[in-house]
Amino acid sequence: MTIITSNMYLGADNPGIKTGIDVLRNESVLPDGALFTNPVTSHGITRTKKMKYYYEILDHLKEIHQSYIAHSEKGEKDILIGGDHSIAIASGVHSLENHDNLGVVWVDAHADINTNDITNSGNVHGMSVAALLGLGDDGLVNFVPRTKYLKPENVVYIGLRDVEPEEQALLDKLHIKHYTADEVMSLGIETVMKESVAHLKAQKVKNLHLSYDLDSADPTLVPGVTTDVPNGLDLKQTLYIFRQLHKAFNVVAFDLVEFNPEKDVDNQTVDFIKQIMPDVLK
């Protein structure tokens, strides 16, 4: 198992994320053998092609990708702990390169399918899925040379509840399967997971990349995130998602992102991470 950590915060334009890895290390949450990428720094906000901190982010994505090439071994699970969700572009590209017909389950309050053409904020952590699909700025999409792109039919979202109109239009246009948090509550997590697994199985997906954003959880349980949205998932639902996916597929990679210790309350988010970590590392 390869475990890479990142303090990337520029994709969310929020320095509160920057110390997340240090907090997890001090709380003995990070497993032994975790690899630490170089600390991310910035000399001030810049915008390139409507994206904030474009070149700094590209450099860090390349570093993460190179860490995978240097340390990841075939047949082993890759874990990425961060850090804002922009880093999943690097882990996702690595998974796509090494596994045909890759499936992706994106557990998140946000769709992260903005491109530089439709973004309102310019924050790259909202463009991760788009980049994996091959949509948007070529420099971001192809930050390293690649030939494989994520298939829209191989994506399932769970927990959405803050989706911009332009993103919803893309989800509809590409027929990407997605469940809002309200649908999880109304249908039940058991039904959502049964349908999600069946959908991916119908696409003949065997290998899965699971990308988990802490803001998918309800902020009363997990306050330590940058872009919290009310009425999210609870611990039981979260663990059920993880366990059903591990049962149904070969989970080749797992992202755990968006921990912001500056917004945590009484270590609630750290405690939540401690409770899910055994399933992350499964």
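Residue numbers count from 1 along this sequence. A quick note: this is a predicted structure, and the numbers were derived from the prediction, not measured.
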Criterion side-chain contact (heavy atoms from CB on, under 4.5 Å) on L61 and H65, from CA distance to verdict: CA-CA 6 Å; L61 293 179; H65 187 264; over 6 Å; no
Set of residues satisfying side chain to side chain donor-acceptor pair (under 3.5 Å) with respect to K49, sequence neighbours excluded: Y54, D137
D100 and K148 ion-paired at < 4.0 Å: yes
N260 side chain vs V225 backbone, donor-acceptor pair below 3.5 Å: no
Polar side chain donor-acceptor pair, D78 to H94, under 3.5 angstrom: yes
Validation row: T5, L24 side chains within 4.5 angstrom (heavy atoms): no
Side-chain heavy atoms of L239 within contact of Q275, under 4.5 Å: no
Residue pair I158, S196: steps toward the side-chain contact (heavy atoms from CB on, under 4.5 Å) verdict: CA-CA 9 Å; I158 301 173; S196 297; 4.2 Å; yes
hydrophobic_cluster_shared for I64 and Y9, side chain cutoff 4.5 Å: yes
Donor-acceptor under 3.5 Å (S216 side chain, A109 main chain): no
By side chain to side chain contact (heavy atoms under 4.5 Å, CB included) - contacts of A181 (at least two apart): R161
Main-chain N/O of P39 paired with H60 side-chain donor or acceptor, under 3.5 Å: no
Interatomic spacing from CZ in F254 to CG in L245 - rounded to 0.5 Å: 8.5 Å
V184 with L200, same ILVMFWY side-chain cluster at under 4.5 Å: yes
Identified side chain to side chain contact (heavy atoms under 4.5 Å, CB included) partner of F249 from the options Q244, K206, K201: K201
Donor-acceptor pair, side chain of E258 and main chain of H85, under 3.5 angstrom: yes
CA sep, side-chain torsions, deciding dist, call: D218, T220, side chain to side chain donor-acceptor pair (under 3.5 Å): CA-CA 5 Å; D218 193 89; T220 62; 2.5 Å; yes
Which atom of L210 lies closest to which atom of V107, heavy atoms considered: CD1-CG2, 3.9 Å
D172, CG atom: more than 12 neighbouring heavy atoms under 6.0 Å: yes
Partner set under side chain to side chain donor-acceptor pair (under 3.5 Å) for N142, not counting sequence neighbours: D138, Y149
Salt bridge (charged side-chain N to carboxylate O under 4.0 Å, His left out) between R25 and D22, worked out: CA-CA 5 Å; R25 178 164 45 184; D22 291 333; 2.9 Å; yes
For the student: nearest non-hydrogen atoms of D84 and A12, plus distance: OD2-N, 3.2 Å
Whether S186 side chain and E183 backbone form a donor-acceptor pair below 3.5 Å: yes
L281 side chain reached by M1 side chain, heavy atoms, under 4.5 Å: yes
Contact check, side chains of L235 and I276, non-hydrogen atoms, under 4.5 Å: yes
Between D279 and H246: side-chain donor-acceptor atoms closer than 3.5 Å: no
Donor-acceptor side-chain pairing of D255 and H209 below 3.5 angstrom: yes
Donor-acceptor contact below 3.5 Å, side chain E63 vs main chain N38: yes
Check against side-chain contact (heavy atoms from CB on, under 4.5 Å), V257 and D213: CA-CA 5 Å; V257 298; D213 190 321; 4.2 Å; yes
Ring geometry between Y212 and F272 (parallel below 30°, tilted from 30 to 60°, perpendicular above 60°): parallel
Full working for side-chain contact (heavy atoms from CB on, under 4.5 Å) between I113 and I176: CA-CA 11 Å; I113 199 169; I176 294 178; 3.9 Å; yes
Atom pair NE2 (H199) and CD (E153), whose distance is rounded to the nearest 0.5 Å: 7.5 Å
Donor on one side chain, acceptor on other, N154 and N101, under 3.5 Å: yes
Aromatic ring pairing H178/Y157, orientation class (parallel under 30°, perpendicular over 60°, tilted between): perpendicular
N267 side chain to E27 side chain, donor-acceptor N/O pair below 3.5 angstrom: yes
Closest approach of T115 to A130 (non-hydrogen atoms, all atoms of both residues): CG2-CB, 3.9 Å
Atom pair CG/OG of N114 and S128 - distance to nearest 0.5 Å: 10.5 Å
Check: K52 side chain, G122 main-chain N or O, donor-acceptor pair, under 3.5 Å: no
Under 3.5 Å side-chain donor-acceptor pair for E195 and Y179: yes
Shortest non-hydrogen contact between L174 and P152, atoms and distance: O-CB, 3.7 Å
Non-hydrogen atoms of G44 and Y53 that approach each other most closely: O-CE2, 3.7 Å
Cluster overlap I118 with V155, hydrophobic side-chain contacts below 4.5 Å: yes
Any T119 side-chain heavy atom under 4.5 Å of M51 side chain: no
D108 side chain to H110 backbone, donor-acceptor under 3.5 Å: yes
Flag, side chain of D234 to backbone of Q237, donor-acceptor distance under 3.5 Å: yes
Least distance between heavy atoms, E167 atom then D112 atom: OE2-N, 3.2 Å
G16 backbone acceptor or donor facing N14 side chain under 3.5 Å: yes
Reported CG-to-OG1 distance for the pair L140 and T48, which is rounded to 0.5 angstrom: 11.5 Å
Path from I17 to I273 over hydrophobic side-chain contacts below 4.5 Å: no
Path from I4 to F36 over hydrophobic side-chain contacts below 4.5 Å: no
Between D264 and T269: side-chain donor-acceptor atoms closer than 3.5 Å: yes
N250 side, atom CG; K77 side, atom NZ - distance, nearest 0.5 Å: 9.5 Å
Spacing of T37 atom OG1 and L80 atom CG [to the nearest 0.5 Å]: 8.0 Å
